[in-house]
Amino acid sequence: MENRNIYDGYLDWKCWGNSFGILDSCTRRYYDLELKKIEKDFKGRNIRVLEIGFGNGGFLTYALERGWDIEGVEINDNLVTIAKNKGFKAYNSIDYLENNVFDLIVAFDVLEHIHPDEIIGFIARVKNKIKKDGFFIARFPNGDSPIGMRSQNGDITHQNMIGVEKIFQISKICKFNVCFLSGSVELVVMETLKKTIHKICVYPIKKIINILFKFIYFPTSPSFFSSENLVVFFKKVNEDE
């Protein structure tokens with residue numbers, strides 16, 4: 001049988017490339033709400049931002065709209081070429097970038113692609129690129145919840161399952177402060193009335209399910225989230241750590 005890489009045909013499967021850089025209104029509002037947690041740290045500043053795993057370029061466009069100095073890293077050379085042709089600064093490795101220069105690094109749906117043997121080294125390299133008091137934001141499928149399993153198991157390139165305790169373990173090893181950890185922001189107002197009504201109806205039910213899950217299965221755990229994805233905000237408090 002022919003040997004093939006698990007990333008062969010990935011762009012076609014994700015339908016990426018032809019619509020590169022398009023940012024819909026719902027995704028824009030999602031970024032607004034997620035980043036609101038650290039908005040005060042960047043207010044009025046022209047910050048330098050890096051996205052790792054920029055995929056189809058939606059966040060690159062979002063950052064550009066915000067007036068940020070945005071750069072991107074992506075392992076797929078075709079996407080790097082497309083991004084460069086669109087005028088973005090893009091690379092296929094963070095190793096090409098200087099240390100201690102970024103105010104913010106984001107990695108949406110990236111950590112699950114990194115093998116467990118490599119995750120500590122990867123996070124340490126990311127931390128090195130961030131300025132003192134800078135942030136690293138990561139979103140990934142929720143390894144603590146059965147609701148996150150469809151996302152985790154729905155892609156053959158996913159190699160790492162991550163939950164709350166693993167994040168705190170990574171934080172301790174890398175000396176990288178966790179300043180926020182929760183389920184990802186859920187939008188209520190959607191692009192259609194039907195979807196909005198559905199969101200309004202199920203939102204309180206999801207909250208109740210989360211409480212019940214924690215009460216029944218994890219009564220002694222300080223943190224449990226039943227959401228599909230988790231989001232962590234790391235903060236670099238000392239440059240020399």
Side-chain angles (χ1 to χ4, degrees), residues 20-76 79-80 82-111 113-114 121-140 167 170-171 174-185 187 229-241:
F20 189 90
I22 290 178
L23 179 65
D24 63 74
S25 60
C26 283
T27 306
R28 183 181 288 106
R29 282 190 289 113
Y30 167 76
Y31 290 142
D32 282 340
L33 292 170
E34 204 70 87
L35 291 165
K36 191 175 182 180
K37 303 175 184 72
I38 55 173
E39 188 74 37
K40 66 181 187 303
D41 294 87
F42 301 139
K43 193 171 183 180
R45 293 172 54 199
N46 180 24
I47 63 172
R48 188 172 177 184
V49 182
L50 174 68
E51 181 177 18
I52 299 174
F54 57 75
N56 208 35
F59 184 81
L60 297 181
T61 296
Y62 174 82
L64 194 65
E65 291 178 352
R66 295 287 301 262
W68 295 341
D69 182 4
I70 180 67
E71 299 173 52
V73 169
E74 175 60 61
I75 63 170
N76 188 289
L79 288 174
V80 171
I82 293 170
K84 286 180 176 179
N85 289 339
K86 294 285 186 177
F88 293 106
K89 290 178 280 188
Y91 317 90
N92 60 17
S93 171
I94 63 172
D95 296 329
Y96 293 114
L97 302 163
E98 296 177 74
N99 288 344
N100 305 310
V101 296
F102 291 100
D103 300 283
L104 172 65
I105 296 179
V106 301
F108 295 105
D109 311 319
V110 170
L111 297 189
H113 294 267
I114 299 172
F122 173 79
I123 297 294
R125 286 159 65 208
V126 170
K127 181 186 173 187
N128 286 339
K129 306 301 175 184
I130 300 173
K131 295 177 182 177
K132 182 179 180 294
D133 295 324
F135 294 91
F136 172 48
I137 303 173
R139 181 183 67 196
F140 45 89
I167 285 297
I170 290 169
S171 168
C174 295
K175 297 180 181 179
F176 210 177
N177 282 22
V178 174
C179 60
F180 185 85
L181 174 61
S182 184
S184 60
V185 168
L187 298 178
N229 294 301
L230 292 176
V231 173
V232 60
F233 286 59
F234 292 102
K235 186 174 184 179
K236 182 175 178 178
V237 294
N238 291 311
E239 283 189 25
D240 57 350
E241 284 187 342

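Note: hydrogens, waters and symmetry copies are ignored here, and every other heavy atom, side chains too, is used. In this text the structure is predicted, and so the values were computed from the model without any measurement.
Phe135 and Phe180 have their aromatic ring centers separated by at least 6.0 angstrom.
Proximity of a side-chain donor or acceptor of Glu34 to a complementary backbone N or O of Ser184 within less than 3.5 Å is not detected. Under the 3.5 Å distance criterion, the side-chain polar atoms of Glu74 are matched with a main-chain donor or acceptor of Gly55. Asp24 places a side-chain N or O within donor-acceptor distance of the main-chain N or O of Cys26, the cut-off being under 3.5 Å.
With sequence neighbours excluded, no residue forms a side-chain hydrogen bond (donor to acceptor under 3.5 Å, both in side chains) with Lys86. With sequence neighbours left out, Asp41 forms a side-chain hydrogen bond (donor to acceptor under 3.5 Å, both in side chains) with no residue at all. For Asp95, the side-chain hydrogen bond (donor to acceptor under 3.5 Å, both in side chains) partners are Ser93, Arg125, not counting sequence neighbours.
Residue Asn100 forms a side chain to side chain donor-acceptor pair (under 3.5 Å) with just one option from Lys131, Lys132, Lys236, and that option is Lys236. The salt bridge (Lys or Arg N to Asp or Glu O under 4.0 Å) test with Arg45 singles out one residue from Asp69, Asp133, Asp103, and that residue is Asp103.
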As a quick check of understanding, evaluate side chain to side chain contact (heavy atoms under 4.5 Å, CB included) for Leu104 and Leu35, giving each step before the final call. CA-CA 10 Å; Leu104 172 65; Leu35 291 165; 4.2 Å; yes
Where do Val231 and Phe108 land on the side chain to side chain contact (heavy atoms under 4.5 Å, CB included) test, with the steps shown first? CA-CA 9 Å; Val231 173; Phe108 295 105; 6.0 Å; no
Does the pair Phe136 and Ile123 meet the rule for a side chain to side chain contact (heavy atoms under 4.5 Å, CB included), with working shown? CA-CA 9 Å; Phe136 172 48; Ile123 297 294; 3.8 Å; yes
Evaluate the side chain to side chain contact (heavy atoms under 4.5 Å, CB included) criterion for residues Asn85 and Phe20: first the C-alpha distance (whole Å), next the side-chain angles of each, then the deciding distance (0.1 Å), finally the verdict. CA-CA 11 Å; Asn85 289 339; Phe20 189 90; over 6 Å; no
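With 3.5 Å as the limit, one finds a donor-acceptor pair spanning the side chains of Asn99 and Lys129.
Atom CD of Glu39 is surrounded by more than 12 heavy atoms from other residues, nucleotides or ligands within 6.0 Å.
The nearest pair of heavy atoms linking Ile105 to Val126 is CD1-O, 3.7 Å.
Here Leu60 contributes atom CG and Leu23 contributes atom CG; the two are 10.5 Å apart, rounded to the nearest 0.5 Å.
The side-chain heavy atoms of Ile130 and Phe234, taken from C-beta on, include no pair separated by under 4.5 Å.
Using the six-membered ring where Trp is involved, Tyr31 and Tyr62 have ring planes that are tilted, between 30° and 60° apart.
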